[in-house]
Amino acid sequence: MTTAQAPRRPAAAPPAPAPGPAPTGSGTSGAARRALSRQLRAYGFLAGGLLCFALFSWYPAIRAVVIAFQKYTPGSAPEWVGTANFTRVLHDPEFAAAWRNTLTFTVLALLIGFAVPFLMALVLNELRHAKSFFRVVVYLPVMIPPVVSALLWKWFYDPGAGLANETLRFLHLPTSNWTNGADTALLSLVIVATWANMGGTVLIYLAALQGIPGELYEAAELDGANLWQRVRHVTVPQTRFIILMLMLLQIIATMQVFTEPFVITGGGPENSTVTVLYLIYKYAFLYNDFGGACALSVLLLIVLSLFSALYLRLTRTDD
């Protein structure tokens, strides 16, 4: 008879290892070093662009604000004069004329240069054939250098042998003085600026129109809406944000018009096309008054900053 064996106890679990020392920050510091290295590389690539902006944009802008409060002429030491430059330019008879012409140019550009690109985009959007060709044709003036475009229109507007008056004579219609008449010069420049710059605006409008869902137009047609009603109740509401943004950008751009008055009319006739930017040029390079030119620049900067702030406020996206 065998003796019963006692039940075998389960083997004891191995003792838990003693807690080691707390992990050091080597892993964390390594990740921080890598992140810092990436940041330094990124800023290294940006350094060239930032340097160019600092030398050719930021420094001249800051320097212009300083000179606006100085009597500054080349070859002489600047003299601090406070707000005397602002007082002088504000009392200049050309100052009121320049602002009046600039504001008139802006209003005319909104009435003509804002409506025409939108209508052209509507037409291009309805085309079924040769869309790419007409897009290139519309955008082609933008690719022409501004000075070349202005010289082309200067010949076109020539009251003697210019193409505009020759065409009117061929059609037995009365001719015009165009840029040689004080009452027609500014409107003629608006037409030039509209033709030269509307290509990009047309393409932006066209992209916005093609983003409108077709179901909205189909529903409007089922309700019996005609073309004008579809544009009014579908197209305009769906593109109102783009319309507003381009309107603000056009105001900012047209208030800085310079090339057309400088090349085509020289500010004439009778100062009817002198704009603020052209008056700044005259103060700096004709009157040799850099203090007055910078004072005018600061005033223009304040006005444009208001429109820029409005643009940034309307385009701001809430996170």
Would you confirm whether [X], through its side chain, and [Y], through its main-chain N or O, come within 3.5 Å as a donor-acceptor pair?
X	Y	answer
Gln70	Gly291	no
Asn177	Asn180	no
Arg230	Ala225	yes
Ser149	Pro145	no

Looking at every heavy atom in both [X] and [Y], which two are closest together, and how far apart are they?
X	Y	result
Ala185	Ser272	CB-OG, 4.0 Å
Met198	Pro117	CB-CG, 3.7 Å
Ala68	Val298	CB-CG2, 3.9 Å
Glu270	Ala182	OE1-CB, 4.0 Å
Leu296	Ile280	CB-CG1, 3.6 Å
Asn165	Pro159	ND2-O, 3.0 Å

For residues [X] and [Y], determine if any side-chain heavy atom of one lies less than 4.5 Å from a side-chain heavy atom of the other.
X	Y	value
Leu206	Arg135	yes
Tyr139	Val142	yes
Val274	Phe95	no
Ile112	Leu187	yes
Phe118	Thr239	yes
Leu110	Val107	no
Trp99	Met255	yes
Asn125	Tyr205	no

Taking atom [atom1] of [X] as the centre, report whether more than 12 heavy atoms of other residues, nucleotides or ligands fall under 6.0 Å from it.
X	atom1	value
Tyr217	OH	yes
Arg169	CZ	yes
Lys71	NZ	no
Trp80	CH2	yes
Arg232	CZ	no

With the 4.5 Å side-chain cut-off for hydrophobic clustering, are [X] and [Y] part of the same group?
X	Y	answer
Val65	Ile302	yes
Tyr287	Leu90	yes
Leu124	Val136	no
Tyr43	Phe53	yes
Leu301	Leu248	no

Exercise. Say you draw a straight line from CG of Leu209 to CD1 of Ile204; how long is it, rounded to the nearest 0.5 Å?
Worked result: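 If we round to the nearest 0.5 Å, Leu209:CG and Ile204:CD1 are 12.0 Å apart.
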
No-hydrogen, no-angle side-chain donor-acceptor test under 3.5 Å, [X] and [Y]:
X	Y	value
Asp158	Trp178	no
Tyr157	Ser176	no
Ser37	Arg41	yes

For this session: Please determine which of Thr254, Val257, Leu103 meets the side chain to side chain contact (heavy atoms under 4.5 Å, CB included) test together with Thr275.
Result: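 Of the listed residues Thr254, Val257, Leu103, the side chain to side chain contact (heavy atoms under 4.5 Å, CB included) partner of Thr275 is Val257.
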
For this session: Going by the side chain to side chain contact (heavy atoms under 4.5 Å, CB included) test, name the single residue among Leu203, Thr201, Val202, Val123 that passes it with Val138.
Result: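 Exactly one option meets the side chain to side chain contact (heavy atoms under 4.5 Å, CB included) with Val138, and it is Val202.
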
For this session: Using the side-chain contact (heavy atoms from CB on, under 4.5 Å) rule, take Leu246 and Gln250 through it: C-alpha gap first, then chi angles, then the decisive distance, then the call.
Result: CA-CA 6 Å; Leu246 290 179; Gln250 185 170 350; 6.0 Å; no

Do the ring planes of [X] and [Y] sit parallel (below 30°), tilted (30 to 60°) or perpendicular (above 60°)?
X	Y	answer
Tyr278	Phe258	tilted
Phe86	Phe69	tilted
Phe156	Trp153	perpendicular

For this session: Would you check, one step at a time, whether the test side-chain contact (heavy atoms from CB on, under 4.5 Å) holds for Ser308 with Ile252?
Result: CA-CA 8 Å; Ser308 299; Ile252 295 172; 3.8 Å; yes

For this session: With Tyr283 as reference, evaluate Asp289, Asn288, Asp92 under the side chain to side chain donor-acceptor pair (under 3.5 Å) test and give the passing residue.
Result: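 So the option named by the test is Asp92.
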
